[in-house]
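Let me begin by presenting the structure, written as C-alpha cells, before commenting on it.
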Amino acid sequence: MIEAREQSTMAIDLTRADALMRLGSLTDPSLDDLTRALQMRVALNQINAPALAVDLDGTVLDANDATASLAIERDDLRGRPLWAPSLWHITDADAVLAPLIESCLDGRSSSCTIEIGALKPCPLRIEITPIFDPSRTGRQHSVSLLLAEMHSLTDRQETDAIIAATAQKLAAAEDIFRAVAEYTSDLVCLHESDGTFTYVSPSVKRLLDLDANAAVGSHPVDLAHSDTRSALVQALQDASRRGSESTRFRHRLRHRNGSYRWFDTAITPIRNADGVLQQLQSSSRAITKQRETEQSLIKKAFHDELTGLPNKALLIDRMTQAFAASERTQQPIGVLLIDLDGFKTTNDSLGHETGVTALTKVAERLTAIVRPGDTLARIDSDEFVMMCAGTDGARGATVVARRIIDAFEQPFVLEGREVHLGVSIGIATAVGDNDPTRVLDNADTAMFEAKHQGRGHFAIHNEDDQNLALERLRTEEALRLAVENNELRLHYQPELDLESNCIVGFEALVRWQRPGGQLIHPDDFIPLAEESGLIVDIGKWVIAEACRQAATWRVHRTPDQEPVRIWVNLSARQLGDPDLLNYVQSAIDDAGITTDEICLEITESALMGDAETATEQLDELRRLGISLGIDDFGIGWSQFGYLQRLPLDVLKIDRSFVSGLGTEKSATTIVAAIIDLAHALGLIVIAEGVETRQQLDVLTELDCDQALGFYFSQPQSPEAFDEVLTPLT
Ligand code: C2E
Ligand code: CA
Ligand code: CA
C-alpha cells in the first residue's frame with residue numbers, strides 16, 4: 001500500500017519534471033511559432049493542476065485544460081497580465097503577484113495564497129516556478145519562462161504546504177519583530193507568561209539606563225513604582241487571560257538613577273494555533289514629557305494662574321465630593337465667601353501691577369489660615385472661597401471667619417507702603433447632598449449682608465444658625481470684657497452645721513451683672529466660658545474675690561470664733577491649668593488670709609478628664625492646706641474608687657437626691673448610703689439644695705454634717721451676711 005503510493009508520487013513528479021523540461025526547450029530558435037504553441041500546450045497539459053505559462057513580464061502565454069475547472073476562460077486570459085482583474089477576487093492582485101514574479105526572475109520559485117474568481121471567491125495557492133533555458137548557463141540569467149500552478153485549498157497536501165509556509169512566515173515575522181524591536185525608540189519586550197523578561201530591546205539603555213541583556217530573566221515588577229505596581233500586575237494577568245487583545249495601561253518604571261519614568265504600555269498575548277499562551281509581548285512608549293504637559297494643562301484648567309490656588313471649577317468639584325461625604329457622615333460643611341473690601345479702589349489708586357501683588361499676598365495670608373483638608377479657591381478677581389469640612393457647622397465657620405478678619409487687621413506692605421485691605425465674609429453651611437452653586441449663592445447673599453454691616457464683618461446665611469451663632473458670639477465677646485469691666489459678682493450661700501445650727505461656711509456663686517443691670521446666672525454663661533476657655537480668667541477672678549471676701553468677713557468675727565470657710569467652684573479647665581497653684585496661693589497671700597479659709601470644690605465629671613494631672617494638682621492644693629470637696633456627688637460617676645485615692649475632705653450630696661427626702665423612699669435610702677460611705681472614708685457630708693423642714697429633719701436623722709439650701713438662704717450678695725455673721729443661737 002505504502003509502496004504503491006510512493007510509486008504514484010514518483011510518477012507525478014516525473015511527469016511534471018518532463019513538462020518543465022519541455023517548457024524549457026521552447027526557447028529553441030529553430031521552432032516556428034505554431035509548433036512552439038502546440039508544444040507549450042502539450043507540456044502544460046502534462047501538469048495535473050490548473051497551470052499557466054507566463055512570460056517574464058507577467059503576460060499569460062497559455063493555460064492548460066485543467067484551468068477550466070477554475071472557470072478560467074483561456075482565450076480571455078492569453079496576452080493579458082497574470083494579475084488581470086477579471087481573474088481574481090481581490091482588486092489589487094498585482095500587489096501580490098508581481099512580487100512573486102519578481103522573485104522568480106532571480107531563479108527561486110515562490111508561492112502565495114490568493115482568491116480566484118471575479119464573482120465567487122475560491123481560495124487557492126498559486127506557485128510560480130521559473131523555467132530555465134537549458135542552452136544558457138547561470139541560474140539567474142537563464143530564466144526564460146514561468147509556470148504558474150494553481151492548487152485548490154481543499155487538498156490536504158496543499159494545506160500541509162500552507163502550514164509549512166506559515167511557519168516560515170512566522171520565523172520571518174520573529175526576525176521582523178526583532179529588527180523592529182532593535183530599531184524602535186519604544187521599549188519592546190517579550191515575557192514569559194508570568195511576566196519575566198525573555199527579551200528586552202536595546203532602547204532600555206536610553207530609556208532607563210539599563211543593560212538589555214542583563215534585564216532578561218528579571219521581572220518588570222522589580223522596576224515598577226509602588227503607585228503603579230498593581231496596574232502592571234493586573235495588566236499582566238489580564239493579558240495572559242484574554243484571547244489576543246492587548247491590555248493598555250500607564251505606569252512608572254525606575255531609571256537606574258533612581259527617578260521614575262512614565263510609560264504607556266500595551267501587553268499582547270502570543271498564542272499558538274491551539275490558543276495556548278506562548279509568551280507576552282509588551283511595547284512601552286515613554287510619556288513622561290507628555291504627562292508633564294498633561295499635568296500642567298490640568299493644573300491650568302483647574303487652577304488660578306495668578307495665585308496658583310484652585311479655581312472655581314476645581315472648587316465646585318471639591319464641594320461636590322465634600323457634600324457627598326457629608327451625605328454619609330451628616331457633618332456640616334462650612335463655605336466662606338471672602339470678598340476684599342474696596343479692592344477696586346486700591347487697584348485703581350495703586351495701579352494694576354500692585355493690585356496683582358496685593359492679590360498674591362492676600363492668597364498667601366489666607367493660605368496660612370486654611371487647614372489641611374480644607375480648600376481655598378480664588379473664584380473671581382477679588383473673591384476667594386474657603387470650604388471647611390469637619391467644622392461644627394456655622395459655629396466652626398464663624399471661628400474661621402473671625403480668624404480671617406483678624407488676619408487682615410495687619411496691613412499689607414505694597415511698594416513700600418502700608419495698605420489696609422479688609423475682608424467681608426459670607427458664610428453658608430450645608431449638610432449632606434447639596435448643589436454647590438446654590439451654596440455659593442447663599443454665601444454670596446450672606447457676603448452682601450456682611451458688606452451692609454460695614455467692612456470687616458461676616459454674615460451667616462442660614463437664619464437659625466445665624467441667630468444662634470451670632471448670639472453666642474456676642475455673649476462670648478461680652479463675657480470676655482466682663483472680667484475687665486468688673487461686671488462679675490459673687491453671691492454667697494451659707495452652709496450650716498446641723499448640730500450647732502451655725503454658719504460654718506459659704507459657697508461662692510458667680511453672677512454676671514450686665515451693664516443694663518440684668519443679673520445673669522452661671523448656668524447661662526459658665527458652659528460658654530468653659531468651651532471658650534474664658535473660665536480660666538473668670539475662675540482666677542472668683543478665687544481672688546472670694547479670698548478678699550474672706551478677709552472682709554474676718555473683721556466681723558471675734559478672735560475665738562472659727563473662721564468661715566468659703567467654698568469656690570473649680571472647673572475642669574482650671575484643674576488642668578498648670579498656673580492654678582500659683583494664682584490660688586497669690587490670692588490667699590494678697591488677701592492676707594490663711595489657707596484654711598478658702599476651700600475648693602470640683603464635680604465628679606471634672607475628674608474624668610486627665611485624671612493624673614487632676615490628682616497631682618489636688619495633692620499640691622491639699623499640701624498648701626486647702627480643703628477639697630467633691631460637688632454634685634452621685635450624678636457624675638458611678639465609680640467611687642477615686643474617693644479613696646484623692647485627698648478629699650468634703651462630699652456634697654447632689655440636690656436631686658435631697659429633693660426626694662421624706663417623700664421618696666429610695667432617695668432616703670440613697671442619701672443614707674452616701675452618708676455612711678462618706679463617713680467611712682472620713683469625709684464631712686454636706687447636703688445641697690435643702691428646701692424644706694422635712695428634708696432637714698431627715699438629714700439630721702441620717703447624721704448628715706452640714707447643709708445648704710433655700711430653706712436657710714438663697715445665694716445673696718455678701719453685704720446681706722455682714723450682720724448675721726455672729727453665732728446663731
Ligand atoms: P452648684 O455648684 O451645684 O451650685 C449650687 C446651685 O444650686 C446654685 O445655682 C444655687 O443657687 C442652687 N441652689 C442652692 N440651694 C438651692 C435650693 O435649695 N434649691 C434649688 N433649686 N437650688 C439651689 P447657681 O448659683 O445658679 O449656680 C449654678 C452652677 O453654676 C453651680 O452649681 C456651679 O456648678 C456653677 N458655678 C457657679 N459659680 C461658679 C464659679 O464661680 N465657678 C465655676 N466653675 N462654676 C460656678
Ligand atoms: Ca458647687
Ligand atoms: Ca452642687
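As the structure lists them, so they are numbered: ligands from 1, and atoms in each ligand from 1. Fair warning: this is a prediction, and the values are worked out from it, not measured in the lab.
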Quiz prompt | Sub-3.0 Å protein N, O or S atoms surrounding the Ca ion (ligand 3) | solution = D631 OD1, D632 OD1, E688 OE1, E688 OE2

Quiz prompt | Residue and atom name of the nearest protein heavy atom (relative to atom 22 (N) of ligand 1), distance in Å to one decimal | solution = F710 CZ, 3.4 Å

Practice problem: Would you check whether G539 reaches within less than 4.0 Å of ligand 1, judged by its heavy atoms? | Solution: no

Self-check item: Atoms of ligand 1, numbered as shown, that sit under 4.0 Å from any heavy atom of E688
Solution: 3 (O)

Exercise. Give the C-alpha distance, both sets of side-chain angles, the deciding distance and a yes or no for salt bridge (Lys or Arg N to Asp or Glu O under 4.0 Å) between D590 and R548.
Key: CA-CA 8 Å; D590 291 351; R548 275 194 293 274; over 6 Å; no

Quiz item: Can you find a protein heavy atom closer to atom 32 (O) of ligand 1 than 4.0 Å?
Solution: no

Quiz item: So, the side chain of Q617 versus the backbone of D577: is there a donor-acceptor pair under 3.5 Å, distance only?
Solution: yes

Quiz item: Can you tell which of E691, E507, R655, H521 gets a heavy atom nearest to atom 12 (C) of ligand 1?
Solution: R655

Exercise. Examine the proximity of ligand 1 to V568 and report which part, side chain or backbone, both or neither, has a heavy atom under 4.0 Å away.
Key: neither

Self-check item: Which residue and heavy atom of the protein sit nearest atom 29 (C) of ligand 1, plus the separation
Solution: D523 OD1, 3.5 Å

Practice problem: Determine whether the side chains of R318 and T375 contain a donor N or O and an acceptor N or O closer than 3.5 Å. | Solution: yes

Quiz item: Within less than 4.0 angstrom of ligand 1, does R511 place any heavy atom?
Solution: yes

Self-check item: Full working for side-chain contact (heavy atoms from CB on, under 4.5 Å) between I630 and V650
Solution: CA-CA 6 Å; I630 195 86; V650 162; over 6 Å; no

Quiz item: So which protein heavy atom does atom 38 (N) of ligand 1 come closest to, and at what separation?
Solution: V510 N, 3.1 Å

Self-check item: Numbered atoms of ligand 1 (with element) below 4.0 Å of P715, judged on heavy atoms
Solution: 11 (O)

Quiz item: Side chain, backbone, both or neither: which part of D632 has a heavy atom under 4.0 Å from ligand 1?
Solution: side chain

Self-check item: Heavy-atom proximity to atom 15 (N) of ligand 1, best of H491, Q574, Q493
Solution: Q493

Quiz prompt | R565/E597 ion pair, N-O < 4.0 Å | solution = no

Quiz item: Is the closest protein non-hydrogen atom to atom 24 (P) of ligand 1 under 4.0 Å?
Solution: yes

Self-check item: NZ or CZ of R365 within 45° of F412 ring axis and under 6.0 Å
Solution: yes

Quiz item: Would a 4.5 Å heavy-atom cut-off, applied to side chains only, mark F458 and I404 as touching?
Solution: no

Practice problem: Kindly indicate whether the side chain of E620, heavy atoms from C-beta on, has any atom under 4.5 Å from the side chain of R623. | Solution: yes

Exercise. Using a strict 4.0 Å cut-off to heavy atoms of V542, name the atoms of ligand 1 that fall inside it.
Key: 41 (O)

Quiz item: Do any nitrogen or oxygen atoms of L570 come within less than 3.5 Å of a nitrogen or oxygen of ligand 1?
Solution: no

Quiz item: Which protein heavy atom lies closest to atom 8 (C) of ligand 1, and at what distance to 0.1 Å?
Solution: L509 CD1, 3.8 Å

Practice problem: Please determine if N569 has a nitrogen or oxygen closer than 3.5 Å to a nitrogen or oxygen of ligand 1. | Solution: yes

Exercise. Would you sort out whether F721 and F506 count as a ring pair (Phe, Tyr, Trp, His ring centres under 6.0 Å), showing the intermediate values?
Key: CA-CA 10 Å; F721 298 103; F506 287 93; 4.9 Å; yes

Practice problem: Pull out every atom of ligand 1 sitting under 4.0 Å from any heavy atom of P522, numbered as shown with elements. | Solution: 24 (P), 25 (O), 26 (O), 27 (O), 28 (C), 30 (O), 36 (N), 37 (C)

Practice problem: Run the salt-bridge test on D697 and R693 with the 4.0 Å N-O cut-off and return the result as yes or no. | Solution: yes

Exercise. Considering only NZ, NE, NH1 and NH2 on the basic side and carboxylate oxygens on the acidic side, decide whether E531 and R573 come within less than 4.0 Å.
Key: no

